[in-house]
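The first residue of the sequence shown is numbered 1, and numbering continues consecutively from there. Computed from a prediction, not measured in an experiment: that's the story for all the values here. Heavy-atom basis, side chains included; hydrogens, waters and symmetry copies ignored.
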Amino acid sequence: FTLTLGGSLTSPDKKRRYTERMFSFLAAKYDVITRVLSFGRDAAWKRRMIDLLPECDSPCCLDLACGTGDLCGLLARRYPDGLIVGVDLTAAMVALARRRHPEPPIRYLRQDMGALGVRDASVDIVTGGYALRNAPDLSVALEEIRRVLKPGGIATFLDFSKSPGRVSQAIGYWSLRFWGGFWGFVLQGNSEVYGYIAESLKIFPDRAQLHAALEESGLSVVNSRLLFFGMIELTVVERS
């Protein structure tokens with residue numbers, strides 16, 4: 001199996017095809033990968049993410065790029081009387097999520113976060129762990145998130161963060177390129193696989209630009225926390 005970045009992130013269609021192939025390739029080891037790359041902190045960050053969500057009796061929750069379903073499982077424990085829907089572009093991830101987190105409140109669907117089969121203003125809570133950076137088209141994904149959220153609905157995102165400063169950006173890029181490349185070679189024999197993280201962050205908005213894009217989409221930033229020396233950001237927004 002050969003997976004090389006090349007010009008794979010230069011258009012929404014190319015990025016969609018590349019990420020689908022890549023995450024299909026990574027699915028079986030994805031949970032191990034996230035633990036290794038985060039020095040074992042990923043699970044704690046996601047618990048913190050869920051802790052920031054509001055108290056609700058029976059909310060409709062939508063988890064974007066649900067992967068193997070870890071956030072869906074946390075949502076099901078937080079909201080046992082709610083409805084949790086996990087969506088992912090990759091069939092292999094959806095299949096794994098169904099096996100690993102089959103709790104009754106959860107449904108899994110294969111969908112692109114830029115074309116959600118969800119009614120307007122029908123969702124109380126949206127979550128996304130490493131989702132926005134992987135969106136084929138960020139502006140389209142943000143429009144979809146606002147569309148499906150109810151007025152006053154909450155969304156929370158966890159992802160790698162890009163500093164506004166050029167020096168900090170360069171340090172972050174090369175750190176991620178080295179760390180991802182090293183573990184890609186160790187675990188998969190392909191340094192390009194996790195080099196994707198650095199390359200995707202390179203074309204992603206910096207923190208200030210991301211907040212501006214959220215605001216322009218009608219998603220007001222109500223909380224933002226930097227984690228892991230500023231390399232990770234936890235963001236909470238409210239639909240106006």
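Under a 3.5 Å cut-off, the side chain of Glu238 and the backbone N or O of Ile154 do not form any donor-acceptor pair. Remark: the backbone N or O of Leu116 is paired with a side-chain donor or acceptor of Glu144 at under 3.5 angstrom. Judged by distance alone, the side chain of Asp124 and the main-chain N or O of Cys60 form a donor-acceptor pair under 3.5 Å. A donor-acceptor pair is defined here as one N or O able to donate and one able to accept, closer than 3.5 Å; no such pair exists between the side chain of Ser168 and the backbone of Gly165. Looking only at distances, a side-chain donor or acceptor of Arg78 sits under 3.5 Å from a matching main-chain atom of Leu53. A distance-only check finds a donor-acceptor pair linking the side chain of Arg239 to the backbone of Leu149 [under 3.5 Å].
In this structure the side chain of Asn223 never reaches within 4.5 angstrom of the side chain of Thr235, judged on heavy atoms. The closest side-chain heavy-atom distance from Thr10 to Ile203 is not below 4.5 Å. Counting heavy atoms from C-beta outward, Arg48 and Leu227 have side chains that approach closer than 4.5 Å. No side-chain heavy atom of Asp57 sits less than 4.5 Å from a side-chain heavy atom of Asp81. Taking the side chain as every heavy atom from C-beta outward, Leu219 and Ile145 approach each other to under 4.5 Å. Using a 4.5 Å heavy-atom threshold, the side chains of Val123 and Val85 count as separate. Put simply, the side chain of Leu89 reaches to within 4.5 Å of the side chain of Arg16, judged on heavy atoms. Counting heavy atoms from C-beta on, the side chains of Glu199 and Arg177 come closer than 4.5 Å.
Partners of Tyr130 according to the ring pair (Phe, Tyr, Trp, His ring centres under 6.0 Å) rule, which considers only residues two or more places apart in sequence or in another chain, are Phe160. Checked against ring pair (Phe, Tyr, Trp, His ring centres under 6.0 Å), Tyr194 has no partners two or more places apart in sequence or in another chain. With sequence neighbours excluded, the residues that form a ring pair (Phe, Tyr, Trp, His ring centres under 6.0 Å) with Phe228 are Phe39, Trp45. Every residue two or more places apart in sequence or in another chain was checked for a ring pair (Phe, Tyr, Trp, His ring centres under 6.0 Å) with Tyr79, and none qualifies.
Using the six-membered ring where Trp is involved, Trp183 and Trp179 have ring planes that are perpendicular, over 60° apart on the 30 and 60° scheme.
Phe157 and Val222 fall within the same hydrophobic cluster, defined by Ile, Leu, Val, Met, Phe, Trp and Tyr side-chain heavy atoms under 4.5 Å apart, directly or through other members.
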Side chain to side chain donor-acceptor pair (under 3.5 Å) between Glu233 and Ser224: does it pass, once the steps are laid out?
-> CA-CA 7 Å; Glu233 184 178 19; Ser224 171; 2.5 Å; yes
May I have the step-by-step check of side chain to side chain contact (heavy atoms under 4.5 Å, CB included) for Phe23 and Asn134, ending in yes or no?
-> CA-CA 11 Å; Phe23 285 110; Asn134 291 322; 3.8 Å; yes
With side chain to side chain contact (heavy atoms under 4.5 Å, CB included) as the test, would you mind laying out the steps for Ile232 and Ser161 before giving the verdict?
-> CA-CA 5 Å; Ile232 298 291; Ser161 181; 5.9 Å; no
For Leu52 and Arg225, what are the C-alpha separation, side-chain angles and deciding distance, and is it a side chain to side chain contact (heavy atoms under 4.5 Å, CB included)?
-> CA-CA 11 Å; Leu52 290 174; Arg225 303 183 183 189; 3.4 Å; yes
Applying side chain to side chain contact (heavy atoms under 4.5 Å, CB included), run through Leu62 and Val148 and close with a yes or a no.
-> CA-CA 9 Å; Leu62 178 65; Val148 302; 4.1 Å; yes
Exercise answer: donor-acceptor pairs, residues 94-104 side-chain atoms, under 3.5 Å, sequence neighbours excluded:
residue	atom	partner	partner atom	Å
Arg98	NH2	Tyr108	O	2.8
Arg100	NH1	Asp31	OD2	2.4

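For Arg146 and Ser217, the side-chain atoms include no donor-acceptor pair closer than 3.5 Å. A donor-acceptor pair shorter than 3.5 Å cannot be found between the side chains of Tyr18 and Asp13.
Arg207 and Pro164 make their closest contact through NH2-CD, 3.8 Å (heavy atoms, listed as atom of the first residue, atom of the second, distance). Summarising the geometry of Met231 relative to Leu176, their closest heavy-atom pair is CE-CG, 3.7 Å, with the distance given to 0.1 Å. Here the closest heavy-atom approach between residue Thr90 and residue Ser24 is recorded as CG2-OG, 3.0 Å. The two residues Cys66 and Gly86 make their nearest non-hydrogen contact at SG-C, 3.8 Å. Nearest heavy-atom pair, Met49 versus Thr156, reported as atom, atom and distance to 0.1 Å: CE-O, 3.2 Å. In terms of heavy-atom proximity, Gln188 sits nearest to Ile33 at NE2-CD1, 4.4 Å.
The 12-atom threshold is exceeded at OH of Tyr173, counting heavy atoms of other residues, nucleotides or ligands nearer than 6.0 Å. Around CG of Asp120, the count of heavy atoms belonging to other residues, nucleotides or ligands within 6.0 Å exceeds 12.
Paired with Lys46 under the rule salt bridge (Lys or Arg N to Asp or Glu O under 4.0 Å), one option of Asp159, Asp51, Asp70 passes, and it is Asp70.
Going from atom CG of Asn190 over to atom CE of Met22 covers 11.0 Å, rounded to the nearest 0.5 Å. The distance from the CZ atom of Arg17 to the NZ atom of Lys14 is 7.5 Å, given to the nearest 0.5 Å. In this structure, the separation between OG on Ser163 and CG on Leu226 is 9.0 Å, given to the nearest 0.5 Å. In this structure, the separation between CZ on Arg77 and CD1 on Ile50 is 9.5 Å, given to the nearest 0.5 Å. Taking CG from Leu83 and CD1 from Ile106, the interatomic distance works out to 10.0 Å, rounded to the nearest 0.5 Å. Distance check, rounded to the nearest 0.5 Å: CG of Asp88 to CZ of Arg110 gives 9.0 Å.
The stretch residues 199-218 participates, sequence neighbours left out, in no ring pair (Phe, Tyr, Trp, His ring centres under 6.0 Å) pair at all.
We find that Lys15 and Glu20 are not joined by a salt bridge, their nearest charged nitrogen and carboxylate oxygen being 4.0 Å or further apart.
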